[in-house]
Amino acid sequence: MTYPTPTPRAELITRLALDQRYDIAVVGGGATGLGVALDAAARGLSVVLLEAQDFAKGSSSRATKLVHGGVRYLAQGNISLVREALHERTTLLANAPHLAQPLPFVMPAYRYWEVPFYGIGLKLYDALAGKAGLGATQLLGRAATLERIPGVQPEGLKGGVQYWDGQFDDARLALALARTAASRGALLVNHCAVETLLYDAGKVSGLVCRDAETAQQFTIRAGCVVNATGVWVDTLRAQDSAAAGQAARPLVSPSQGVHLVVDADFLPGGHALLVPHTSDGRVLFAVPWLGKVILGTTDTPRPDAQAEPRPFQEEIDFILGESAHYLRRAPRAADVRSTWVGLRPLVKPQSSPGEATKKISREHTVLSGPGGLVTVTGGKWTTYRAMAEDVLQHCAAEGLIRDLPAGATNQLRLVGSPADGVGSVSIGSAPGPHLYGTEADGLRQLPGADTWLAPGLSEAMVRFAVRHEYARTVEDVLARRSRLLFLDAAAAGKIAPRVAELLQEEGIAQPQSQAFDALWRQFDATAHTAA
Ligand SMILES: Cc1cc2nc3c(=O)[nH]c(=O)nc-3n(C[C@H](O)[C@H](O)[C@H](O)COP(=O)(O)OP(=O)(O)OC[C@H]3O[C@@H](n4cnc5c(N)ncnc54)[C@H](O)[C@@H]3O)c2cc1C
């Protein structure tokens, strides 16, 4: 079997060094940047994308894993956002069914009025989805609710409402976007940070980036530079404004979201649980994912925007405390297998600076700086494709790229997508070769296909990660090609030395084992706090 994307680093770097002027240079390899790169490449533009760390290392590997219209945005009355996201939900499920699938959710009701009240809201959600609906909302009595989510707290339970949304493997979807863009000719390089923007006659004309492995610098020229650096967009925006002798007003207000992972037996039954109104008015999810259960999340302002933010103790207490109200078996700190923290790139309200982050718009923003740098941020994973279309429309309207028809990615199946459009195994089930879709058979031809390092992770998968999925470090493999760090941090720590050996066998001299040793302990820390 031939794969669309061999990714030997030396070849990528050789291409980067070529004297070429790209139509578009994208900075940032999360959902947003990868979506732009794929759409631009699919339209026939020449594209380069630089990612400072690894694809999806930022917010794009730390989502709640929902492909959703956003029930809570409906409650906020943001109908256009919900409608667009519901449309994108369908497109994503169709284009990557091995990585994104429908999932039934149940809202448990502990007061009689909640069943009709939430039922009406969710029927409206169905109506907004129209043909894009995944299944009809159902009002449930107590017995039917317990049958669907046997792990729910039965005391005082009156009934529930079942509705449909989607779920996905966010980091693997990001890799599928990167590889699909590469198969359309785009050059994507991870571990290569953009350091400076270049200007010609006051307009941005390229950038300088640095390969983290060799410290070598490269000059890239491009007709259009897109800043898709998530919560970090203000750094390049400041450079762009400074080039024009101006000061940029910060655009992003990062908000931290914490997730805890516990074993699957806390939520048997294959349905996700949504608590629409926690004690402090937030939404809490318990979602079956890759053989575990994700509990979350929080919404805490985090202006310092670190690459690996840590949870606040009160955020962990909040998730465990609320879960204890709604689950039959209350999870304790010692039950937590992994804790991860992500930063939402929320766009600052322009009029009311003191507004709470949970009320700030989740819509995306596309704008040009005084030096012509195009910045895109905000939005959500589910809408990455629509965001990319908006970005390219903006770039064309500014005269930075050719005006080519939109819609190139509407029906563009991502690498690994099965032809029949059906994922063989649910994303809720334990990981395994099914996550590779059509590439699972070829994976079996690699050495170590039957040598399992952990459930769902074979030695062949580590080799595949290097040869075809841009992996360069132990973290790249265990956090994002496999999701073991997110599922069970201690298990990831245990197999890290063997993963490092395999990376070395694949020609990577410095797989950064020490950095991973610190990281898995950070993800594992909650299990070792006081119960
Ligand atoms: C807790 C949480 C839960 C969420 N849940 C959901 C959900 O369930 N469903 C959903 O649809 N959305 C969800 N979202 C939203 C979604 O995850 C984000 O909107 C999306 O991932 C943002 O992607 P991005 O590409 O803009 O940013 P990022 O993924 O952060 O990517 C930006 C990238 O830019 C890189 N970068 C920064 N500076 C440079 C530089 N100088 N040079 C090169 N690269 C650089 C970074 O390393 C990073 O990889 C959630 C977000 C959070 C935080």
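Counting starts at 1 for both ligands and their atoms, in listed order. Throughout, residue positions are numbered sequentially from 1 according to the sequence presented.
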Is the ring pair W340/W289 parallel, tilted or perpendicular, if the boundaries are 30 and 60 degrees? tilted
Selection from S59, G35, P254 by shortest heavy-atom distance to atom 28 (P) of ligand 1: S59
Starting from atom 51 (C) of ligand 1, which protein heavy atom do you reach first, and at what distance in Å? R344 CG, 3.8 Å
Nearest-contact summary for atom 31 (O) of ligand 1 - protein heavy atom, Å: G30 CA, 3.5 Å
Test of proximity, T32 against ligand 1: N or O pairs below 3.5 Å: yes
For Q256 and T298, test the side chains for any donor-to-acceptor distance below 3.5 angstrom and give the result as yes or no. no
Checking the N or O distance criterion of under 3.5 Å, is ligand 1 in contact with V258? no
Which atoms of ligand 1 have any heavy atom of G342 under 4.0 Å away? 53 (C)
Closest protein heavy atom (residue, atom, distance) for atom 38 (N) of ligand 1: T229 CG2, 3.5 Å
Suppose the criterion is salt bridge (charged side-chain N to carboxylate O under 4.0 Å, His left out): which pairs have a residue in residues 32-43, not counting sequence neighbours? D39-R43
Starting from atom 42 (N) of ligand 1, locate the nearest protein heavy atom and write down its residue, its atom name and how far away it is, to 0.1 Å. V194 N, 3.0 Å
Check each of K380, R83, R385 against E88 using the salt bridge (charged side-chain N to carboxylate O under 4.0 Å, His left out) test, and report the only one that passes. R385
Pick one of side chain, backbone, both or neither for how H68 approaches ligand 1, counting any non-hydrogen atom pair under 4.0 Å. side chain
For E314, enumerate each residue passing the salt bridge (charged side-chain N to carboxylate O under 4.0 Å, His left out) test, keeping only those at least two apart in sequence or located in another chain. none
Using a strict cut-off of 4.0 Å, indicate which atoms of ligand 1 neighbour a heavy atom of L50. 43 (C), 44 (N)
Quick note on ligand 1: atoms under 4.0 Å from a heavy atom of R62 include exactly 1 (C), 2 (C), 3 (C)
Hey, what do you get for CG (N190) to CG (L50), rounding to the nearest 0.5 Å? 10.0 Å
Is the shortest side-chain N to carboxylate O distance from E308 to R62 below 4.0 Å? yes
Among all protein heavy atoms, pick out the one at the shortest distance from atom 48 (C) of ligand 1; state its residue, atom name and that distance to 0.1 Å. E51 OE1, 3.5 Å
Looking only at side-chain N and O atoms, does D170 offer a donor or acceptor that is under 3.5 Å from a partner on S61? no
Between S255 and ligand 1, does any nitrogen or oxygen pair lie at a separation below 3.5 Å? no
Give the atom numbers and elements of ligand 1 that come within less than 4.0 Å of a heavy atom of L343. 53 (C)
Any heavy atom of T377 sitting closer than 4.0 Å to ligand 1? no
Kindly indicate whether the side chain of L392, heavy atoms from C-beta on, has any atom under 4.5 Å from the side chain of V36. yes
Quick one: does H259 get a heavy atom under 4.0 Å from ligand 1? yes
Atom 12 (N) of ligand 1: closest protein heavy atom, distance to 0.1 Å, is W381 N, 3.2 Å
Measure from the ring center of F523 to the ring center of W520 and say whether it is less than 6.0 Å. no
Run the numbers on R172 and E469 for salt bridge (charged side-chain N to carboxylate O under 4.0 Å, His left out), then give the verdict. CA-CA 9 Å; R172 286 203 65 81; E469 297 179 325; 2.6 Å; yes
In terms of side-chain heavy atoms, does H191 have a donor or acceptor partner in D54 at a distance below 3.5 Å? no
Between V231 and ligand 1, which part of the residue brings a heavy atom under 4.0 Å of the ligand: side chain, backbone, both or neither? neither
Heavy-atom pairs closer than 4.0 Å: do any link ligand 1 to the side chain of W232, the backbone, both, or neither? side chain
Answer side chain, backbone, both or neither: which part of V27 comes under 4.0 Å from ligand 1, heavy atoms only. side chain
Output the list of atoms in ligand 1 that are nearer than 4.0 Å to some heavy atom of G379, sorted by atom number. 19 (O)
Could E475 and R480 be called an ion pair, given the rule that one side-chain N must be under 4.0 Å from one carboxylate O? yes
Could you check atom 21 (O) of ligand 1 against the protein and tell me its nearest heavy-atom contact, residue, atom and distance included? S60 OG, 2.8 Å
Check ligand 1 against T382 and write out every atom of the ligand that is under 4.0 Å from a heavy-atom position of the residue. 10 (C), 11 (O)
Check for me whether R179 meets the cation-pi criterion with F55, that is, NZ or CZ under 6.0 Å from the six-membered ring centre and within 45 degrees of the ring axis. no
Which residue holds the protein heavy atom closest to atom 43 (C) of ligand 1, what is that atom called, and what is the gap in Å? A52 N, 3.2 Å
Residue G257 vicinity, atoms of ligand 1 by number, heavy atom under 4.0 Å: 1 (C)
Is it the side chain, the backbone, both or neither of A228 that has a heavy atom closer than 4.0 Å to ligand 1? backbone
Assess, by modelled atom type and distance only, whether the side chains of T300 and E315 contain a donor and an acceptor separated by less than 3.5 Å. yes
Please determine whether salt bridge (charged side-chain N to carboxylate O under 4.0 Å, His left out) holds for the pair D169 and K65, giving the CA-CA distance in whole Å, both sets of side-chain angles, and the decisive distance to 0.1 Å. CA-CA 6 Å; D169 181 339; K65 323 301 179 199; over 6 Å; no
Heavy-atom contacts under 4.0 Å between K65 and ligand 1: side chain, backbone, both, or neither? backbone
